[in-house]
Student: 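Questions regarding the structure given below will be posed in turn.
Keep in mind the model is a prediction, meaning the values are calculated, not measured. Sequence positions, counted from 1, serve as the residue numbers for this chain. Reckoned from all heavy atoms, side chains included, excluding hydrogens, waters and symmetry mates.
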Amino acid sequence: VRPNGGLITVQDLEAHRYLHPNLPGGKRQTGSLRGLYGISGPQGEQGGQPPTVADLMEKHVVSVHPATSAADVVQMLMGKYYKTLPVVDRDNRLVGMITDNDLMEKGRLPYRLSILEALEASGERGFQDILDELRTSHKFAPDLMSSGPLVTISPEATALQAAQLMTDKGIKRIPVVDPLGRVLGIIGRLDILKAASSIFPQAGIDGEDLTNEQPHRIVRLRDIVDPDMPVVTTDTIGHEVVEMLVMPPCPRRLIVVDSREHMHVVGIVADRDLVLRAHVQTRPGLLRMLRESIPFGRLTPQQQQESYRMQVRTAGDIMSQNVVTALDETPIGEAVRLLVQRELKLLPVVDTSGRLLGAVGRGTVLRALLSDYSDYSDYSQPGEPSQPVAES
C-alpha cells in the first residue's frame, strides 16, 4: 500500500456474450462475472447454475409455538408484509401453518388483518376489544392451524420447483425444512420474482431485447391481463364500494376509474382505506357490513340511518392515488421489475389511450413465467418437494 493510501472496491457486474442462434451452441448467454469464473455469487450460483431454494429463502423466520395464544398470533402478524406464521415444536420442527384466512375461519376473527391494522391505526377502541375477546376464547396456535398435510420444500430444491409448487397450490409462502422437518427458512413469491432473471433467463428480465432472437417467446402484458378485475368509478357511493369488497369473490382491492366511458385509472381502493378514511359516525355501520358481509340494503332502517354518511362519501374520496400502471405492450420482464421495485401486488394494465384493460398481480406473472419459459423436466429431478397442500 502506498503511503498516500488507496481504495480497492469489489462490484458485481453483468457480462453479456452473444452467439448467433444459427451457429453450433449459439444460444444467448448471460451471467455475472462471478458465475463465469465459478465463484459463488450473492444467490449461490456456481458456474451459471440457477439458484436453489437455499439461495433465495429468508433465513430469519418468525414462528410460533403450540402454547402461543390466538391473541398473540394476531399481534405478531399486525403490520407485517407477510400474513402467515409457521407453528413449530421445541425442536423447531414444523407442526402447522396459520394464515389470515385461518384466523377468520377458526379463530373467529371478525375482520381481515388489513382491516384490524387500519382499526389500530385509527385509534378505534374496537381493536382492543377484539384482542380481549380472543384472549377469553382460550384458543391457541393448534386451534388455528390450516387443515390437511403441510406444504414444505427442501433447501436443495430448485427455485423453479418452488415457483411451480406455489403456482400449483395457489400459495404465497412455503416453509423450507430439513429431512427431520426442522424449519430452516421460508420462501415466498416475492423472493422468486426478485431472482427471476436467474430462474427464467429467457424472459428478458435483465432488459435484453429478445425480439429478433425468439419473438414467439416474448410475453407481453396483453397476453396475460385479467380483464375481470373489479372496477368502480370515482362517483360510486361509499356503501356500494363496501358491498363489492365484502360480497363474493371478496376482492382485496378495487380499481377506480374516472368514468365508464373513458376508463382512465385514477386510484385504488383497498379494504383498509375504507376504515382509515371513514367518517367517525359511519364506522359502526361500515364495520358491521365488513364483519357480517352484508349489503347496505339488508341493514335495518335504523342501521342505515346510522350509516347515512357512507352514501355521501364516494370512491374518489376513499381511494389511494398515484397508481402505477403499465401499457399492454409492456414485456413481462418489465412487469417483474415494477412489481419488485415498487413492491406492488396489483398492476393495472392500460392501452395507449390510457383505457383500463385489466390487471396483473404477482401470481399471474409467476404463472406466465412458468408456462412460457420453464423446462418442466426440472420438476421430476431429485429433490422434489414433499407432498403439498394449499395454504390460503
Student: If you compare all heavy atoms of Ile186 against all heavy atoms of Pro86, which two are closest, and at what distance to 0.1 Å?
Tutor: CD1-CG, 4.4 Å
Student: Taking the side chain as every heavy atom from C-beta outward, state whether Ile174 and Met166 have any pair of such atoms under 4.5 Å apart.
Tutor: yes
Student: Any side-chain heavy-atom pair from Lys139 and Ser69 closer than 4.5 angstrom?
Tutor: no
Student: Quick check: is Leu356 connected to Val365 through a chain of hydrophobic side chains (ILVMFWY, heavy atoms under 4.5 Å apart)?
Tutor: no
Student: Could you tell me which non-hydrogen atom of Arg112 sits nearest to which non-hydrogen atom of Asp100, and how far apart they are?
Tutor: CA-OD1, 4.0 Å
Student: Do Ile318 and Leu276 have side chains that approach each other closer than 4.5 Å (heavy atoms only, starting at C-beta)?
Tutor: no
Student: Consider only side-chain heavy atoms of I, L, V, M, F, W and Y, link residues closer than 4.5 Å, and tell whether Leu190 and Leu160 are in one cluster.
Tutor: yes
Student: Within the distance-only criterion (no hydrogens, no angle test), does the side chain of Gln161 pair as donor or acceptor with the backbone N or O of Thr158 below 3.5 angstrom?
Tutor: yes
Student: Counting only heavy atoms not in Glu133 (residues, nucleotides, ligands), do more than 12 fall under 6.0 Å from its CD?
Tutor: no
Student: Are any side-chain N or O atoms of Asp226 and backbone N or O atoms of Gly358, one a donor and one an acceptor, separated by less than 3.5 Å?
Tutor: no
Student: Grab the two heavy atoms, one from Leu113 and one from Val74, that are nearest each other, plus how far apart they are.
Tutor: CD2-CG1, 4.1 Å
Student: Go through it in stages, so that I can follow the logic: the residues are Leu254 and Val231, the test is side chain to side chain contact (heavy atoms under 4.5 Å, CB included), and I'd like the CA-CA distance, side-chain angles, deciding distance and then a yes or no.
Tutor: CA-CA 6 Å; Leu254 305 175; Val231 176; over 6 Å; no
Student: So, Thr167 side chain and Ala163 main chain: donor-acceptor pair closer than 3.5 Å or not?
Tutor: yes
Student: Hey, quick one: are Tyr81 and Ile268 part of the same hydrophobic cluster, counting side-chain heavy atoms closer than 4.5 Å, chains of contacts allowed?
Tutor: no
Student: May I ask you to test the Leu346-Met229 pair for a side-chain heavy-atom distance under 4.5 Å?
Tutor: yes
Student: What is the minimum heavy-atom distance between Ala141 and Ile98, and which atoms define it?
Tutor: O-CD1, 3.8 Å
Student: Is there a donor-acceptor contact under 3.5 Å from the side chain of Thr314 to the main chain of Thr236?
Tutor: no
Student: Give a yes-or-no answer on whether the side chains of Asp235 and Thr233 include a donor-acceptor pair shorter than 3.5 Å.
Tutor: yes
Student: Mind checking what makes side chain to side chain donor-acceptor pair (under 3.5 Å) contact with Asp191, not counting sequence neighbours?
Tutor: none
Student: Check for a donor-acceptor pair, side chain of Arg135 on one end and backbone N or O of Ile130 on the other, with a separation under 3.5 Å.
Tutor: no
Student: Can any side-chain N or O of Glu117 pair as donor or acceptor with the backbone N or O of Gly79 at less than 3.5 Å?
Tutor: yes
Student: Quick one: does Tyr82's side chain get under 4.5 Å of Leu77's, heavy atoms only?
Tutor: yes
Student: Step by step, would you call Val266 with Val323 a side chain to side chain contact (heavy atoms under 4.5 Å, CB included)?
Tutor: CA-CA 7 Å; Val266 293; Val323 181; over 6 Å; no
Student: Between Lys106 and Met145, is there a donor-acceptor pair closer than 3.5 Å when you use the side chain of the first and the backbone of the second?
Tutor: yes
Student: Please collect all ring-ring contact (aromatic ring centres under 6.0 Å, His included) contacts where either partner lies in residues 242-278, sequence neighbours excluded, each pair once.
Tutor: His262-His264
Student: Quick one: closest heavy-atom pair of Gly96 and Leu150, and the distance?
Tutor: CA-CD2, 3.7 Å
Student: Whether the Asp168 and Gln164 side chains hold a donor-acceptor pair (N or O, under 3.5 Å, no angle test) is what I'd like checked.
Tutor: yes
Student: Group every Ile, Leu, Val, Met, Phe, Trp and Tyr by side-chain heavy-atom contacts under 4.5 Å, then state whether Phe140 and Val87 land in the same group.
Tutor: no
Student: Check the pair Ile187, Glu58 against side chain to side chain contact (heavy atoms under 4.5 Å, CB included), reporting the backbone distance first and the verdict last.
Tutor: CA-CA 6 Å; Ile187 187 168; Glu58 185 177 339; over 6 Å; no
Student: Shared ILVMFWY cluster between Leu357 and Leu338, side chains joined below 4.5 angstrom?
Tutor: no
Student: Where do Ile192 and Ile199 come nearest, in terms of heavy atoms and distance?
Tutor: O-CD1, 3.7 Å
Student: Flag the pair Val183 / Val176 as yes when at least one side-chain heavy-atom distance between them is below 4.5 Å, and no otherwise.
Tutor: no
Student: Does any N or O in the side chain of Ser371 come within less than 3.5 Å of the main-chain N or O of Arg367, such that one atom is a donor and the other an acceptor?
Tutor: yes
Student: Any heavy-atom pair between the side chains of Met76 and Val64 that's under 4.5 Å?
Tutor: yes
Student: Could you work out, with side chain to side chain donor-acceptor pair (under 3.5 Å) as the rule, every residue matching Arg222, not counting sequence neighbours?
Tutor: Glu329
Student: Taking the side chain from His65 and the backbone from Val88, do they hold a donor-acceptor pair closer than 3.5 Å?
Tutor: yes
Student: Does Asp91 pair with Arg182 as a salt bridge, N-O distance under 4.0 Å?
Tutor: no
Student: Is it the case that the side chain of Arg272 and the backbone of Leu119 share a donor-acceptor pair, with hydrogens and angles ignored and the cut-off at 3.5 Å?
Tutor: no
Student: I'd like to know whether CZ of Arg260 has more than 12 heavy-atom contacts from other residues, nucleotides or ligands below 6.0 angstrom.
Tutor: yes
Student: Got Met57 and Leu184 here, is their nearest side-chain heavy-atom distance under 4.5 Å?
Tutor: yes
Student: Under the side chain to side chain donor-acceptor pair (under 3.5 Å) rule, what do Glu261 and Ser259 come out as? Steps first, then yes or no, please.
Tutor: CA-CA 5 Å; Glu261 179 185 0; Ser259 67; 5.0 Å; no
Student: Output yes when Asp351 and Arg355 qualify as a salt bridge under the 4.0 Å nitrogen-oxygen rule, no when they do not.
Tutor: no
